[in-house]
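Counting starts at 1 for both ligands and their atoms, following the listed order.
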Amino acid sequence: MSKIIDLRSDTVTEPTEKMREAMFKATVGDDVYEDDPTIKELEKYAATMVGKEAAIFVPSGTFGNQLAIFTHCKRGDEVILGEDCHIVAHEVGAAAVIAGVQLRALETKRGKMDVSKVTSIIRSEQEDIHFPGTSLICLENAYSNGSVVDLEYMKSIYNIAEKRNLKVHLDGARLFNAATYLQVDAKDIVKYCDSVMFCLSKGLCSPIGSILAGSKEFIEKARKKRKLMGGGLRQGGFLAAAGLISLKEMTGRLSEDHHNARYLASRLEEISGITVDKDNLDINMVFFKIENCNKSSNELCDAFLSKGIKTNPPEAGKMRFVTHYWVNKEDIDYVVNVMKELI
Ligand SMILES: *Cc1c(COP(=O)(O)O)cnc(C)c1O
């Protein structure tokens, strides 16, 4: 088995040949002195692409989300967000450690909180000596469960926030997947938030890096806090060179990954005992359950690996397969055939 088919995530995507060449030849400088022209070019291009005044390169999506919270809020502030969003579920409690905020996590349905519930729990510290002040709402689109949130919902949350003088941060790790699904420009999503983070390193194939974008004033503040967090990168232009290719050439092809995910889902349904979560099939992720499998999840992952397929064990009873640049239709057919033998 020469080729490994890695379905664990789109974070596994290695840079393309073109990215490797661009990185090799990149013009660089010390970005802490704001001397790296390639980083500057990426930040400018990224800001324009999402319709914000400014942007800053950060090492990871988690870093970008936490930097946003740290920049928008003061210690003890309250942040409203979905209970199963990435910031709550997969960022190691960082918001408590770095920004020192309290997370007010609400139940979600297909990635959406109840709008009237959000409105009713906003608190003002002036109102009562006991109250923390709510200063931020965090949205996520595409949502980690594989669904895309509609613009009407984002707009209603943004309007509430504006009225109550709160900021909205969008965790858009897969912003361009959401835009692809909604068939809109990324700007049409980002207009309903004050700041947005999106990853270059997932389906867009860059080796490392994410962008945080917002107003000029916000990004200036964030630049200082990024330094505090140890994210002042020196010759970061090597990474930005790949990032520019991500934004210019890789966003337009995400529909292929979405198409492949739907193809994978339909083929998985051929296998008895597999139930695909068809309600959350908007982007490049397929969630499914395997009933009556005679193998433990570890045995199953090992069996896949022996056939050249990398998978994660199920989380909360569900398997997740992710399609990306390095997985094609033939690979999917191979995976389905292996599964028919194994399950
Ligand atoms: C992957 C992801 C992140 C974090 O990105 P890392 O680069 O892995 O830190 C944040 N939010 C969502 C929704 C993600 O899927």
Test side-chain hydrogen bond (donor to acceptor under 3.5 Å, both in side chains) applied to Asp282 and Tyr143, step by step:
CA-CA 10 Å; Asp282 294 347; Tyr143 215 72; over 6 Å; no
I'd like to know if the side chain of Asp10 reaches the main chain of His324, judged simply by a donor and an acceptor atom lying under 3.5 Å from each other, with no hydrogens or angles considered.
no
Using modelled atom types only, decide if a donor and an acceptor are shared between the side chain of Ser9 and the backbone of Thr11 within a distance under 3.5 Å.
yes
Have Gln126 and Ser124 got a donor and an acceptor in their side chains that come within less than 3.5 Å?
yes
Phe24 and Phe238 aromatic centres sub-6.0 Å
no
Honestly, for His90 the part within reach of ligand 1 (heavy atoms, under 4.0 Å) is neither
Top protein contact for atom 10 (C) of ligand 1, by heavy-atom distance:
His86 ND1, 3.2 Å
Is Arg174 in polar range of ligand 1, meaning some N or O pair under 3.5 Å apart?
yes
Does any N/O atom on Phe63 come nearer than 3.5 Å to any N/O atom on ligand 1?
no
So, applying side chain to side chain donor-acceptor pair (under 3.5 Å) with Asn65, which one of His169, His90, Glu140 is it?
His169
What atoms in ligand 1 come closer than 4.0 Å to a heavy atom of Gly61?
4 (C), 5 (O), 6 (P), 7 (O), 9 (O)
Using salt bridge (Lys or Arg N to Asp or Glu O under 4.0 Å) as the criterion, list what pairs up with Glu41, not counting sequence neighbours.
Lys248
Step-by-step side chain to side chain contact (heavy atoms under 4.5 Å, CB included) determination, Asn260 to Val327
CA-CA 8 Å; Asn260 282 339; Val327 175; 5.8 Å; no
Numbering the atoms of ligand 1 from 1, which are under 4.0 Å from a heavy atom of Ser60?
7 (O), 9 (O)
Which atoms of ligand 1 have any heavy atom of Glu91 under 4.0 Å away?
10 (C)
Based purely on interatomic distance, does Glu140 place a nitrogen or oxygen under 3.5 Å from a nitrogen or oxygen of ligand 1?
no
Going by the 4.0 angstrom heavy-atom rule, the piece of Ala173 near ligand 1 is side chain
Residue pairs, two or more places apart or on separate chains, that pass salt bridge (charged side-chain N to carboxylate O under 4.0 Å, His left out) and touch residues 42-64
Lys40-Glu43, Glu43-Arg223
Please classify the Asp171 to ligand 1 contact at 4.0 Å (heavy-atom distances, strictly less than): side chain, backbone, both or neither.
side chain
Contact region, Asn65 to ligand 1, non-hydrogen atoms below 4.0 Å, reads side chain
Thr62 N/O under 3.5 Å from ligand 1 N/O
yes
I need the nearest protein heavy-atom contact for atom 1 (C) of ligand 1: residue, atom name and distance, please.
Lys202 NZ, 1.3 Å
